[in-house]
Amino acid sequence: MTLPPDHPPIPKPKIGVLLMNLGTPDGPDAKSVKRYLGEFLSDSRVVEIPQIAWQPILRGIILNTRPKKSAHAYSQVWREDGSPLAAITRLQAAALKDSFGPDVLVDWAMRYGNPSMSDRLTAMKAAGCERILLAPLYPQYCAATTATANDKAFKHLAGLRWQPAIRTLPPYYDDTLYIDALTDSLEEALSALDFTPDAIVASFHGMPKRTLQQGDPYHCHCQKTARLLGERMGRELTIAFQSRFGPQKWLGPATDETLVALAKAGKTKVAIFAPGFSADCLETLEELSIRGRESFEEAGGTHFAYLPCLNDSPVGVEMLRSILARELEGWVRAG
C-alpha cells in the first residue's frame, strides 16, 4: 500500500516489555530524597490514610526531618552508576534486550522517580509497540507495590487515544522457576561463606498488619515463598519482616528484633537474605547488610552475612527471561 506523501512515518509493529520497580531518588542528597519521598508517601496505596489528614503530617513533619537521614543512608550504598535499584534494573533490562527476538523491545521504568513510566511508555508507543507486557518485578503481590505500579501505567494509558494492547506479569512467589533460581543463588552464596550459619533469615519487606486483615495476599505469598524455598533447600528458614514505618502495627516478627533475639539465644552465626526484592536496594544493602549486622553483633553475634538478591546474575536473568517468555506466548513465537 502506498501512503500519501504527507503521511507521517509508520514504524514497524513491535512488542514491548516494560520492567517496573519501586523507585529511587535521583541522587543521595536531601533535596533529591525529599522529592522522591514526597511522591512515594503521597501514594494512597502506600499510606492508606485520607489525604486531608495525611498531607499536613507528611509536608509539615516527615518531609522536613526524614530526607536528611535517608540521604545519609543512600550515600552509604550509592554506586558509580547510580542508585543500586536503578542500576541493577537497568542491567536486567540490558541483559534481556535480545531475548525475545528483534521485534520485542525491553525497557525499564520506576513507579516513583526516573525513568518514569509515562516517559518509557510514550517511547515504546513511538517505537511502534502495539502490545506491551507490563512487568512489575515483585515476586509477591501487594497493593502497595504491584497494584500501584500497574495503576501508574494504566493512568498514562487512560490518556491515549490509540492504546496498545496490555498484559501484566502475575506475581511469581510460588513459581518453580523463581524458587529454583533462589535456591541456586542462595546455595552458591552459602557455600562461599567461611562459616556455617546457625540460622538463615528470610527478610521480607514489612506491610501494615491491617493490609492482611483487609484481604491483601502479600503475607500469605511471603509465607508460601519461604515454605517452598525451605523445602527445596532442605533447610529451616526464619521468616521476618523489615522496614517498619510509623506507629501502626506491622506484620511481624520484625527483622531487627529477630536478629537480636537470635544472637541472645546463642545463634551467633547468621545469614540473611531478602526474597521479596528482585534487586538489591537501600532496604537490603543499608538496612540489612549494614544496620542489621550492627544490631546483630551488638547483641552478641559473631558471624553475619547478607546474601544478595538475584539481581542481574545469570540465574536471575534466566529466570526473568523464562517467566516473561511465558507471558509473551501468543504474541511472540516460542524459540
*With sequence neighbours excluded, give me every salt bridge (charged side-chain N to carboxylate O under 4.0 Å, His left out) pair touching residues 147-156.*
Arg45-Asp151

_Residues Leu96, Val317; criterion side-chain contact (heavy atoms from CB on, under 4.5 Å); working and verdict_ = CA-CA 7 Å; Leu96 291 165; Val317 169; 3.9 Å; yes

*asked:* Can a side-chain donor-acceptor contact be found between Ser42 and Arg59 if the only test is distance below 3.5 angstrom?
replied: yes

_Just so I know, are the side chains of Arg111 and Asp43 near enough to count as touching, which here means a heavy-atom distance under 4.5 Å?_
yes

*For Asp29, enumerate each residue passing the salt bridge (Lys or Arg N to Asp or Glu O under 4.0 Å) test, keeping only those at least two apart in sequence or located in another chain.*
none

_Pairwise side-chain contact, Cys309 with Thr284, heavy-atom cut-off 4.5 Å (strictly under)_ = yes

*In the single-linkage hydrophobic clustering (I, L, V, M, F, W, Y; side-chain heavy atoms under 4.5 Å), do Leu237 and Tyr173 co-cluster?*
no

*Flag, side chain of Asn114 to backbone of Asp26, donor-acceptor distance under 3.5 Å*: no

_Please check: side-chain N/O of Arg90 versus main-chain N/O of Asp81, any donor-acceptor pairing under 3.5 Å?_
yes

*How is the hydrophobic cluster of Ile239 composed, in terms of its other members, when Ile, Leu, Val, Met, Phe, Trp and Tyr link through side-chain heavy atoms under 4.5 Å apart, directly or indirectly?*
Phe204, Met207, Leu212, Tyr218, Phe241, Leu251

*Which residues pass the salt bridge (Lys or Arg N to Asp or Glu O under 4.0 Å) test with Asp119, sequence neighbours left out?*
none

*Could you walk me through whether Lys34 and Asn64 pass side-chain contact (heavy atoms from CB on, under 4.5 Å), step by step?*
CA-CA 8 Å; Lys34 183 175 182 178; Asn64 290 315; 3.7 Å; yes

_Show the nearest heavy-atom pair for residues Ser32 and Pro25, with the distance to one decimal._
O-CB, 3.7 Å

*hydrophobic_cluster_shared for Ile323 and Leu19, side chain cutoff 4.5 Å*: yes

*Between Arg227 and Glu231, does at least one N-O distance fall below 4.0 Å, as a salt bridge requires?*
yes

*Can you name the nearest heavy-atom pair linking Arg244 to Ala254, along with the distance?*
CZ-CB, 3.6 Å

*So, for Lys264 and Ala299, which heavy atoms are closest and what is the spacing to 0.1 Å?*
CG-O, 4.0 Å

_Does either side chain, that of Glu287 or that of Ser243, offer a donor lying less than 3.5 Å from an acceptor on the other one?_
yes

*In the hydrophobic clustering that connects Ile, Leu, Val, Met, Phe, Trp and Tyr at side-chain heavy-atom distances below 4.5 Å, which members other than Phe277 occupy its cluster, ordered by chain and number?*
none

*Taking all non-hydrogen atoms of both residues into account, name the closest pair between Pro67 and Ala30 and its distance.*
CB-O, 3.6 Å

*In Å and rounded to the nearest 0.5 Å, what is the NZ to CD distance from Lys125 to Gln163?*
9.5 Å

*With hydrophobic residues grouped by side-chain heavy-atom distances under 4.5 Å, do Leu193 and Leu288 end up in a single group?*
yes

*Under a single-linkage definition using a 4.5 Å side-chain heavy-atom cutoff for Ile, Leu, Val, Met, Phe, Trp and Tyr, are Leu310 and Leu91 assigned to the same hydrophobic cluster?*
no

*State which residues pass ring pair (Phe, Tyr, Trp, His ring centres under 6.0 Å) with Phe273; sequence neighbours excluded, sorted by chain then number.*
none

*What pairs with Lys12 under salt bridge (Lys or Arg N to Asp or Glu O under 4.0 Å), at least two apart in sequence or on another chain?*
Asp103

*With sequence neighbours left out, write down each residue that passes side chain to side chain donor-acceptor pair (under 3.5 Å) with Thr24, or none if nothing qualifies.*
Ser83

_Within one Ile-Leu-Val-Met-Phe-Trp-Tyr cluster: Leu18 and Leu157, side-chain cutoff 4.5 Å_ = yes

*Under a 4.5 Å cut-off applied to non-hydrogen side-chain atoms, are Val17 and Trp331 in contact?*
no

_Rounded distance (nearest 0.5 Å) linking atom NZ of Lys69 with atom OH of Tyr74_ = 13.5 Å

*Does some side-chain heavy atom of Gln76 sit less than 4.5 Å from a side-chain heavy atom of Pro28?*
no

*Indicate yes or no: at least one non-hydrogen side-chain atom of Ile62 is less than 4.5 angstrom from one of Ile57.*
yes

*Considering all heavy atoms of both residues, which atom of Ala144 and which atom of Val46 are nearest to each other, and what is their separation?*
O-CG2, 4.0 Å

_Closer than 3.5 angstrom, by distance alone: can the side chain of Trp78 be matched with the main-chain N or O of Gly27 as a donor-acceptor pair?_
no

*For His72, enumerate each residue passing the ring pair (Phe, Tyr, Trp, His ring centres under 6.0 Å) test, keeping only those at least two apart in sequence or located in another chain.*
none

*Going by the side chain to side chain donor-acceptor pair (under 3.5 Å) test, which pairs reach into residues 190-201, not counting sequence neighbours?*
none

_Distance in Å, Glu327 CD paired with Ser322 OG, rounded so as to fall on 0.5 Å steps_ = 12.0 Å

*Any sub-3.5 Å donor-acceptor pair from Arg232's side-chain atoms to Ile179's backbone N or O?*
no

_Side chain Trp54, main chain Ser44, donor-acceptor under 3.5 Å_ = no

*Is the Phe296 ring parallel, tilted or perpendicular to the Phe304 ring (thresholds 30°, 60°)?*
tilted

*State, to 0.1 Å, how close Met117 and Ala149 come at their nearest heavy-atom pair, and which atoms those are.*
SD-O, 3.5 Å

*Would you call the rings of Phe195 and His303 parallel, tilted or perpendicular if under 30° counts as parallel and over 60° as perpendicular?*
tilted

*Are the side chain of Asp216 and the backbone N or O of Ala143 linked by a donor-acceptor pair below 3.5 Å?*
yes

_Can you confirm whether Glu236 is buried at CD, in the sense that more than 12 heavy atoms of other residues, nucleotides or ligands lie under 6.0 Å from that atom?_
no

_Any salt bridge linking Arg326 with Asp175? Criterion: basic side-chain nitrogen under 4.0 Å from a carboxylate oxygen._
yes

*Do NZ/NE/NH1/NH2 and the carboxylate oxygens of Arg235 and Glu187 come within less than 4.0 Å?*
yes

_Using a 3.5 Å distance criterion without hydrogens, assess whether the side chain of Ser185 forms a donor-acceptor pair with backbone atoms of Ala181._
no

*Taking the side chain as every heavy atom from C-beta outward, state whether Thr89 and Met20 have any atom pair closer than 4.5 Å.*
no

_Sub-4.5 Å side-chain heavy-atom contact between Asn21 and Trp108_ = no

*Classify the ring geometry between Tyr36 and Phe40 as parallel (under 30°), tilted (30 to 60°) or perpendicular (over 60°).*
parallel

*Determine whether Thr255 and Ile272 make a side-chain contact, defined as any pair of heavy atoms from C-beta on separated by less than 4.5 Å.*
yes

*asked:* As a quick check of understanding, evaluate side-chain contact (heavy atoms from CB on, under 4.5 Å) for Met319 and Leu182, giving each step before the final call.
replied: CA-CA 9 Å; Met319 183 272 296; Leu182 275 180; over 6 Å; no

Give every donor-acceptor pair under 3.5 Å between a side-chain atom in residues 129-141 and any protein atom, sequence neighbours left out.
from: Tyr138; atom 1: OH; to: Leu22; atom 2: N; distance (Å): 3.0
from: Gln140; atom 1: NE2; to: Tyr178; atom 2: OH; distance (Å): 3.3
from: Gln140; atom 1: NE2; to: Thr225; atom 2: OG1; distance (Å): 3.1

*Drop me the distance from Leu328's CG to Phe100's CZ, to the nearest 0.5 angstrom.*
6.0 Å

*Tell me, with the steps shown, if Leu58 and Val47 meet side-chain contact (heavy atoms from CB on, under 4.5 Å).*
CA-CA 10 Å; Leu58 176 62; Val47 180; over 6 Å; no

*Can you sort out the partners of Glu286 under salt bridge (Lys or Arg N to Asp or Glu O under 4.0 Å), two or more places apart, ordered by chain and number?*
Arg291

